[in-house]
Amino acid sequence: MIFALGAAITVKVKHLGLHPWDVLNVGLFEQFGLTIGSWSVLCGLVLLTISWTKARQYISIGTFLNAALIGPFMDFYLWLDFLPTATHTWVDYLIILSGIILTGIGGGMYVAAGLGAGPRDGFMLSISDTTGLSVSKARILVESIVLLIGFFIGGPVFVVSFIYTFIQSPIFQRSLAFFKQVINQPKMRDPQLQKKAL
């Protein structure tokens with residue numbers, strides 16, 4: 001829900017550029033209709049199918065929940081029409097920054113739960129396994145291709161598209177570490193686990 005809220009906020013100021021996957025989703029929406037969230041689900045299911053055949057170890061219940069729920073929640077937030085709209089001033093950069101922060105926090109939360117990678121992350125991990133590329137290089141390769149496809153079908157590519165990941169990734173890492181700690185705290189309060197740790 002938090003990740004979808006962040007993504008919906010960034011879409012409201014899409015003229016500044018979006019994350020490559022959202023560039024693709026918006027481009028598909030503008031060319032073929034449906035909704036942005038519907039395209040998010042469809043793309044997620046395609047990637048999940050590919051990962052299922054190539055690297056099934058990255059798929060779990062969380063992968064399916066991610067693929068099925070982020071898009072509809074995103075559409076729901078956009079439908080409610082309560083999010084800040086583009087002002088075409090410097091305020092838009094604050095709006096998109098808040099969206100990026102929320103997607104980073106939401107991403108860290110769901111990964112910390114340990115219930116499986118999202119379909120896009122699983123796909124990039126399977127590409128890494130198949131090609132022998134590092135995960136970071138596989139991510140750059142995949143997201144560059146996605147960005148190009150999104151650009152050619154009319155998706156919103158601008159300055160933020162090229163710096164999105166550099167802002168989101170550190171927030172994601174901090175969120176992941178924080179929520180892993182939160183999840184592990186109750187376990188460490190268990191006297192039996194404390195004895196084992198000693």
- Task: Apply side chain to side chain contact (heavy atoms under 4.5 Å, CB included) to V11 and M74, showing your working.
- Result: CA-CA 10 Å; V11 166; M74 192 173 167; 3.3 Å; yes
- Query: Hey, is CZ on F151 packed in by over 12 heavy atoms from elsewhere, all under 6.0 Å?
  - Reply: no
Test item: [X] side-chain N/O and [Y] main-chain N/O as donor-acceptor pair under 3.5 Å:
X    : Y    : value
Q31  : I153 : yes
S60  : L115 : yes
T131 : I127 : yes
S169 : F166 : no
S144 : I140 : yes
W39  : G33  : yes
N184 : K180 : yes
Y77  : M1   : yes

Roughly how far, to the nearest 0.5 Å, is the [atom2] atom of [Y] from the [atom1] atom of [X]?
X    : Y    : atom1 : atom2 : result
L34  : N25  : CG    : CG    : 11.0 Å
Y164 : E143 : OH    : CD    : 10.5 Å
C43  : L48  : SG    : CG    : 12.5 Å
Y110 : T63  : OH    : OG1   : 8.5 Å
H15  : H88  : NE2   : NE2   : 5.0 Å
L24  : I145 : CG    : CD1   : 12.0 Å

Applying a strict under-4.5 Å side-chain criterion to I, L, V, M, F, W and Y, I'd like to know whether [X] and [Y] cluster together.
X    : Y    : answer
I96  : W90  : yes
L47  : M124 : yes
F172 : I2   : no
L69  : F3   : no
V111 : F123 : no

A side-chain contact here means heavy atoms from C-beta on lying under 4.5 Å apart; do [X] and [Y] qualify?
X    : Y    : answer
I105 : F178 : no
L28  : I36  : no
I9   : L102 : yes

Of all the heavy-atom pairs spanning [X] and [Y], show the shortest one and how long it is.
X    : Y    : value
S175 : M109 : OG-N, 3.7 Å
A8   : L78  : O-CD2, 3.7 Å
P119 : A67  : CG-CB, 3.8 Å
P170 : I167 : CD-O, 3.2 Å
A7   : T103 : N-CG2, 3.4 Å
S161 : P20  : O-CD, 4.4 Å

- Item | Option among D22, D81, D92 that satisfies the salt bridge (charged side-chain N to carboxylate O under 4.0 Å, His left out) test with K12 | D81
- Connected-component partners of L45 among ILVMFWY, side-chain separation under 4.5 Å: V41
- With V160 as reference, evaluate L97, L18, V13, I100 under the side-chain contact (heavy atoms from CB on, under 4.5 Å) test and give the passing residue. I100
